[in-house]
Visitor: 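Dropping the structure in here first, questions after.
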Amino acid sequence: MDLVVVVALLALLEYFTMGALVGRARARSGIAAPAITGDPVFERTMRAHQNTLEQLIVFLPALFAFAHYVQPTIAAGVGA
C-alpha cells in the first residue's frame, strides 16, 4: 500500500505544481486575480489545471479502491 500512497502523493504534487504554473502565467499576462479570461496562454494553463482537478476526483478514489480490492502493487503501477 506504500507504493499507492507514493503514486497518490505524486499526483497531488503534480496538481500543486500546475497551480504554481497558473500563478506564474497569471503574473506574466498581467491578469488580476478574479479575472480568468484575457490571455490565451493563461486560459490554456488554467484550463489544464482545472481539468487535472476534475480527473483527480475520479483518479484518487479509484486508485485506492483498486489497491484495496485487487492488488496494491498493480494499482501503483497502473496509477503511475
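Along the sequence shown, residues are numbered consecutively beginning with 1.
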Visitor: Measuring from Glu54:CD to His49:NE2, what's the distance to the nearest 0.5 Å?
Guide: 11.0 Å
Visitor: Could you grab the distance from atom CD of Glu43 to atom CD of Gln50, nearest 0.5 Å is fine?
Guide: 13.5 Å
Visitor: Indicate, with yes or no, if Val6 and Leu63 share a hydrophobic cluster defined by side-chain heavy-atom contacts under 4.5 Å among Ile, Leu, Val, Met, Phe, Trp and Tyr.
Guide: no
Visitor: Between Phe66 and Ala75, what is the shortest heavy-atom contact and its length?
Guide: CD2-CB, 3.3 Å
Visitor: Can you get from Leu53 to Phe64 by hopping between Ile, Leu, Val, Met, Phe, Trp and Tyr side chains that sit under 4.5 Å apart?
Guide: yes
Visitor: Please report the interatomic distance CG(Leu12) to OG1(Thr17), rounded to the nearest 0.5 Å.
Guide: 10.5 Å
Visitor: Identify whether Val4 and Leu60 are in the same connected component of the hydrophobic contact network (ILVMFWY, side-chain heavy atoms under 4.5 Å).
Guide: yes
Visitor: Quick check: closest heavy atoms across Leu3 and Ala76, and the distance to 0.1 Å?
Guide: CB-CB, 3.6 Å
Visitor: Rounded to the nearest 0.5 Å, what's the gap from CD1 on Ile57 to OG1 on Thr52? Could you check?
Guide: 11.0 Å
Visitor: Scan the side chains in residues 25-37 for donor-acceptor partners under 3.5 Å anywhere in the protein, sequence neighbours excluded, and list what turns up.
Guide:
from  : atom 1 : to    : atom 2 : distance (Å)
Arg26 : NH1    : Ala32 : O      : 2.8
Arg26 : NH1    : Ala33 : O      : 3.0
Arg26 : NH1    : Ala35 : O      : 2.9
Arg26 : NH2    : Ala33 : O      : 3.4
Arg26 : NH2    : Ala35 : O      : 3.4
Ser29 : OG     : Ala25 : O      : 3.0
Ser29 : OG     : Arg26 : O      : 3.2

Visitor: Are Val78 and Val70 connected, step by step, through hydrophobic side chains (Ile, Leu, Val, Met, Phe, Trp, Tyr) whose heavy atoms are closer than 4.5 Å?
Guide: yes
Visitor: Taking Tyr15 as the starting point, is it possible to reach Leu21 by hopping between hydrophobic residues whose side chains are less than 4.5 Å apart?
Guide: no
Visitor: In Å, rounded to the nearest 0.5 Å, how long is the span from CG of Asn51 to CD of Gln55?
Guide: 7.5 Å
Visitor: Check Gly79 against Phe59 and note the closest heavy-atom contact, atom names and distance.
Guide: O-CZ, 3.7 Å
